S.K.: 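Before I ask anything, let me first share the structure, which is written out below as structure tokens.
Just so you know, these numbers come straight off a predicted model, no measurement behind them.
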Amino acid sequence: MLSATYEARAYGVRSAMPMARARRLCPTAAVVAPDHAAYRAASVAIMKIFRDVTPLVAPLSVDEAFLDVAGARALFGSAPRIAADIRRRVAAEQDLTCSVGVAPSMFVAKIASTRCKPDGLAVIAPDAVLAFLHPLPTGALWGVGPRAEAALTRLGLHTIGDIADTPVDTLRRALGDAVGTHLHRLSWGIDERRVDPATTEVTVGAERTFATDITEPAALARELLRLSGRVAGQLRLRHRRARTISVKVRYGDFRTVTRARTLRDGTDVSQAIYATATDLVTDLGLLGAGRAAAAEVMAVRLLGVRAGNLVDAGGASKQLRLGERPDGWAELDRVADRARERFGADAVGPAALLDHPEGPPPAPPPGPP
DNA sequence: TCTGGGGTCCTAGGACCC
DNA sequence: TCTGGGGTCCTAGGACCC
């Protein structure tokens with residue numbers, strides 16, 4: 001399940017909850033199929049409203065962004081005034097409510113907006129920051145999840161004020177250097193991060209949880225091919241290439257492992273990513289000749305492919321090494337991209353992914369298409 | 001209560017180099 | 001020949017966020 005209304009949340013329904021459980025908790029709930037295209041369109045529209053105010057917009061997700069309005073005040077009035085105007089425009093143009101936190105720093109604005117949801121406006125003036133923060137529970141801090149909260153509780157710390165009154169070395173011992181130092185600074189309202197509109201992705205990935213656990217090598221290989229194609233497509237869309245390919249496997253018992261390999265050159269080629277991913281999964285004993293005896297093969301619940309160490313694709317194609325010949329896979333991707341552009345996402349795809357439940361495994365990596 | 005899918009960042013150990 | 005320290009890169013795992 002993707003999300004839940006506040007009425008459903010009153011029954012204990014949360015986002016990311018399995019559908020069956022959500023229905024159990026709230027049998028009267030209406031279930032609506034998601035419309036991702038509509039969400040994307042609304043997202044683009046509200047981000048444009050933000051950019052009408054300032055170029056310093058850092059999107060946090062489809063429906064959230066940080067805005068630095070310091071320079072916009074001369075034009076549009078005080079920060080609270082700007083916030084109210086944005087809320088009005090979003091309501092008028094998109095028929096959506098939104099919550100806005102106004103504060104001297106990003107993390108205080110974030111906490112403020114969280115606490116005035118839904119459809120609220122919270123303004124925390126600079127001299128009110130500590131009075132606002134210190135009574136809040138430690139879990140309200142951005143970056144304090146269940147684990148860190150438990151560790152803080154073991155130290156007898158329950159509020160942000162408690163963190164502020166604790167020596168930073170105590171926090172570092174309990175939570176690690178980075179987190180300990182960071183939380184202590186936040187507890188005093190110190191956050192030097194600036195709104196940076198130029199952030200680019202560090203990794204691109206795709207993963208899938210199976211409805212039922214998979215043991216069939218052919219099915220695993222097919223999914224690997226599909227995921228590799230999606231990742232490569234995202235890379236080409238962003239004009240990026242990846243040097244590191246990693247796979248993620250979650251077994252039936254929820255144990256999760258990752259394996260990664262860094263290549264000499266960055267790639268955005270479906271087949272290259274698929275070949276590397278296949279190698280990594282083979283090394284785990286799930287595919288190929290080294291596959292463990294059938295009885296020992298763990299059922300796989302989730303399979304993922306991720307591309308990291310991204311570099312700009314630039315204009316030039318990959319340097320061919322001595323004795324190396326272009327193999328046609330990159331050209332195949334380009335042709336397929338153009339076909340999908342014209343005829344839709346499902347226009348072309350690997351034959352191995354055609355809809356036959358027990359189809360043959362995809363072609364092995366090497367060899368021209 | 002058995003847990004989506006997209007990400008970010010941190011830690012820790014090992015290899016390698018100066 | 002041995003030793004130390006620092007920096008960088010890579011890999012694996014884990015916490016956390018929306």
S.K.: How would nucleotides 6-18 of chain C be written as a contact map, 5' to 3', with B for base contact, S for sugar-phosphate-only contact and - for no contact, using protein heavy atoms under 4.0 Å?
M.R.: ----SSSS-SSSS
S.K.: If a pair means Watson-Crick or G-U wobble with both distances below 3.5 Å, what does DNA chain B look like in dot-bracket form, with | marking bases paired to a different strand?
M.R.: ....||||||||||||||
S.K.: Measure from CG on A/Leu25 to P on B/dT3 and round the result to the nearest Å.
M.R.: 13 Å
S.K.: Quote, to the nearest angstrom, the C1' distance that separates C/dC16 from B/dT3.
M.R.: 15 Å
S.K.: Considering heavy-atom distances to DNA chain B, does A/Leu2 or A/Gln234 have its closest nucleotide positioned more toward the 5' end?
M.R.: A/Leu2
S.K.: In whole Å, what is the span from the CG atom of A/Asp253 to the P atom of B/dT3?
M.R.: 14 Å
S.K.: How about A/Trp142 and A/His182: are their ring centroids closer than 6.0 Å?
M.R.: no
S.K.: A/Thr203 and A/Arg306: side chain to side chain donor-acceptor pair (under 3.5 Å), yes or no, with the steps?
M.R.: CA-CA 7 Å; A/Thr203 67; A/Arg306 185 161 291 278; 2.9 Å; yes
S.K.: For A/Thr267 and A/Arg241, which I'm curious about, is there any donor-acceptor pair between the side chains at under 3.5 Å?
M.R.: no
S.K.: To the nearest 0.5 Å, what is the distance between OG1 (A/Thr170) and CD1 (A/Ile163)?
M.R.: 12.0 Å
S.K.: Is it the case that the side chains of A/Arg172 and A/Thr181 hold a donor-acceptor pair, with the cut-off being a distance below 3.5 Å and no angle test?
M.R.: yes
S.K.: Tell me yes or no: between the side chains of A/Arg230 and A/Gln234, is some donor less than 3.5 Å from an acceptor?
M.R.: no
S.K.: For the residue pair A/Asn309 and A/Thr244, confirm or rule out a side-chain donor-acceptor distance under 3.5 Å.
M.R.: yes
S.K.: Pick one for B/dC2: is it syn, with its angle within 90° of 0, or anti?
M.R.: syn
S.K.: Enumerate the residues from residues 168-207 of chain A whose closest heavy atom to DNA chain B is under 4.0 Å, giving them by residue number; use none for an empty result.
M.R.: A/Asp177, A/Ala178, A/Glu201, A/Val202, A/Thr203, A/Val204, A/Gly205, A/Ala206, A/Glu207
S.K.: Is the base of B/dC2 stacked against the aromatic ring of A/Phe254, taking ring centres under 5.5 Å apart and planes under 30° as the test?
M.R.: no
